[in-house]
Amino acid sequence: MKEILTRSIFGLLYITLLIVSLFNEQALTLLFFIFGLICVAEFKKLIEFRGFAPFLIFIVIYLVFGLWHIVSPEVKGINEASQILLVLSIFIELFLIKDLFSKKAIPIFKFKRFLLTSFYLSSAFVFLILIAKFENAYHPSILLGSFILVWVNDTFAFLVGKNFGRQKLFEKISPKKTVEGFIGGLFFSCIASYFIATFTETLNFNQWLILAIIISVFGTLGDLIESKFKRQVNAKDSGIIMPGHGGLLDRLDSIIFAAPFIYLFLRILNYVS
């Protein structure tokens, strides 16, 4: 009972802090900067990346791309630079998906530590800022809707999997995840997309429905990939900053992995509209 209460309190605190910060662009930028530093501290332990270099990588990427878009979005070259960052990030994440389906451990060598810190973790926080800055205007409802879809997917994947799950999804990596749970999470995310589209004035239902599928699929993959990183170092959680939940990376792994694909979809919408 005490563990459930602790988990509920810290979960509510995390959600409240995130939602409140969405009402102010500068507050959200600062919050993601702090969240990013915490996630870097947790992730560097999982990939055994010692020293201050991971923090320096995050600070440079976040300030150059994230802050640049906020302070001077019309500066020549920032849009092209962000596209390059997007391509590199998706490229690295596709390799991580390949590693997930491999029976071998995810290979971790010195150069790959730099790549993962740069284009898997650090760039994700830039894309979260850019999602909120869709069409160079601050639209916090798009980012909030994305987080809601992650929470709905995770919640119903757990509930459906616990009560109806029979077939394991990735038993050696995450024994509790089931195919039925994944389908349940996807199904209820699609339902949630209708209500998000109804109560926001940003994207239409079809667009939110596609986002629900993107977030459910790539969010689940991100969760599994982080689980594989943890298993390789025999860690149950990425950290202890959130009692009852583990580390902050454990809470953000889904949105971190899905962020480049969400932003890619929004760029495509902007291009074709």
Under 4.5 Å between any side-chain heavy atoms of [X] and [Y], yes or no?
{"X": "L116", "Y": "L96", "answer": "yes"}
{"X": "L86", "Y": "L130", "answer": "no"}
{"X": "E42", "Y": "L248", "answer": "yes"}
{"X": "V160", "Y": "I183", "answer": "no"}
{"X": "I196", "Y": "L211", "answer": "no"}
{"X": "F257", "Y": "E226", "answer": "no"}
{"X": "F32", "Y": "L143", "answer": "yes"}
{"X": "S189", "Y": "I215", "answer": "no"}

Between the main-chain N or O of [Y] and the side-chain N or O of [X], is there a donor-acceptor pair closer than 3.5 Å?
{"X": "T117", "Y": "F114", "result": "no"}
{"X": "Q232", "Y": "I106", "result": "yes"}
{"X": "S254", "Y": "G222", "result": "no"}
{"X": "S216", "Y": "A212", "result": "no"}

Checklist line | K112: salt bridge (charged side-chain N to carboxylate O under 4.0 Å, His left out) partners, not counting sequence neighbours | finding: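 K112: salt bridge (charged side-chain N to carboxylate O under 4.0 Å, His left out) contacts with D99.
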State plainly whether one hydrophobic cluster holds both [X] and [Y], where clusters connect Ile, Leu, Val, Met, Phe, Trp and Tyr through side-chain heavy atoms under 4.5 angstrom apart.
{"X": "V87", "Y": "I268", "value": "no"}
{"X": "L13", "Y": "L30", "value": "no"}
{"X": "L63", "Y": "I34", "value": "yes"}
{"X": "V233", "Y": "L121", "value": "yes"}
{"X": "F111", "Y": "I108", "value": "yes"}

For a quick test of reading the model, state the closest non-hydrogen atom pair linking [X] to [Y] and the distance between them.
{"X": "D237", "Y": "K230", "answer": "C-CD, 3.7 Å"}
{"X": "L31", "Y": "S21", "answer": "CD2-OG, 3.2 Å"}
{"X": "N204", "Y": "N206", "answer": "OD1-N, 3.1 Å"}
{"X": "I47", "Y": "R113", "answer": "O-NE, 2.7 Å"}
{"X": "G185", "Y": "N153", "answer": "C-OD1, 3.2 Å"}
{"X": "I90", "Y": "P260", "answer": "CG1-CB, 4.0 Å"}

Check: Which residue, F134, F218, F127, forms the ring-ring contact (aromatic ring centres under 6.0 Å, His included) with Y263?
Finding: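 Exactly one pass, corresponding to F127.
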Rounded to the nearest 0.5 Å, what separation is found between the [atom1] atom of [X] and the [atom2] atom of [Y]?
{"X": "F229", "Y": "Y120", "atom1": "CZ", "atom2": "OH", "result": "6.0 Å"}
{"X": "W151", "Y": "I15", "atom1": "CH2", "atom2": "CD1", "result": "5.0 Å"}
{"X": "L17", "Y": "L22", "atom1": "CG", "atom2": "CG", "result": "10.0 Å"}
{"X": "I256", "Y": "F125", "atom1": "CD1", "atom2": "CZ", "result": "4.0 Å"}
{"X": "T202", "Y": "W208", "atom1": "OG1", "atom2": "CH2", "result": "5.0 Å"}
{"X": "I142", "Y": "I131", "atom1": "CD1", "atom2": "CD1", "result": "9.0 Å"}

Notebook entry, point to check: Side chains of S89 and S123: is there a donor and an acceptor less than 3.5 Å apart?
Noted result: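 A pair is found: one side chain offers a donor N or O, the other an acceptor, under 3.5 Å apart.
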What is the ring orientation for [X] with [Y], classed by angle as parallel under 30°, tilted 30 to 60°, or perpendicular over 60°?
{"X": "F58", "Y": "Y62", "answer": "parallel"}
{"X": "Y194", "Y": "F205", "answer": "perpendicular"}
{"X": "F195", "Y": "F199", "answer": "parallel"}

Quick one: side chains of residues 161-176, donor-acceptor pairs under 3.5 Å with protein atoms, not counting sequence neighbours, listed by atom name and distance.
residue, atom, partner, partner atom, Å
N163, ND2, L159, O, 2.7
K168, NZ, P175, O, 2.9

Notebook entry, point to check: Considering residues at least two apart in sequence or located in another chain, which fulfil the side-chain hydrogen bond (donor to acceptor under 3.5 Å, both in side chains) criterion with D253?
Noted result: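 With sequence neighbours excluded, D253 shows a side-chain hydrogen bond (donor to acceptor under 3.5 Å, both in side chains) to no residue whatsoever.
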Notebook entry, point to check: Is the number of heavy atoms from other residues, nucleotides or ligands within 6.0 Å of OH (Y271) greater than 12?
Noted result: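 No, because the 6.0 Å sphere around OH of Y271 holds 12 heavy atoms or fewer from other groups.
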Note to self: How about CZ on F187, more than 12 heavy atoms from neighbouring residues, nucleotides or ligands closer than 6.0 Å, or not?
What the structure shows: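 No, not enclosed.
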Margin query: Walk me through whether L266 and L203 qualify under side chain to side chain contact (heavy atoms under 4.5 Å, CB included).
Written below: CA-CA 10 Å; L266 293 176; L203 308 175; 4.1 Å; yes
Item checked: Steps toward side chain to side chain contact (heavy atoms under 4.5 Å, CB included) verdict (T200, L144) -> CA-CA 10 Å; T200 62; L144 177 59; over 6 Å; no
Next item on the list: Start with the C-alpha distance between F261 and F265, add both sets of side-chain angles, then the distance that settles ring-ring contact (aromatic ring centres under 6.0 Å, His included), and finish with yes or no.
Entry: CA-CA 6 Å; F261 298 97; F265 176 67; over 10 Å; no
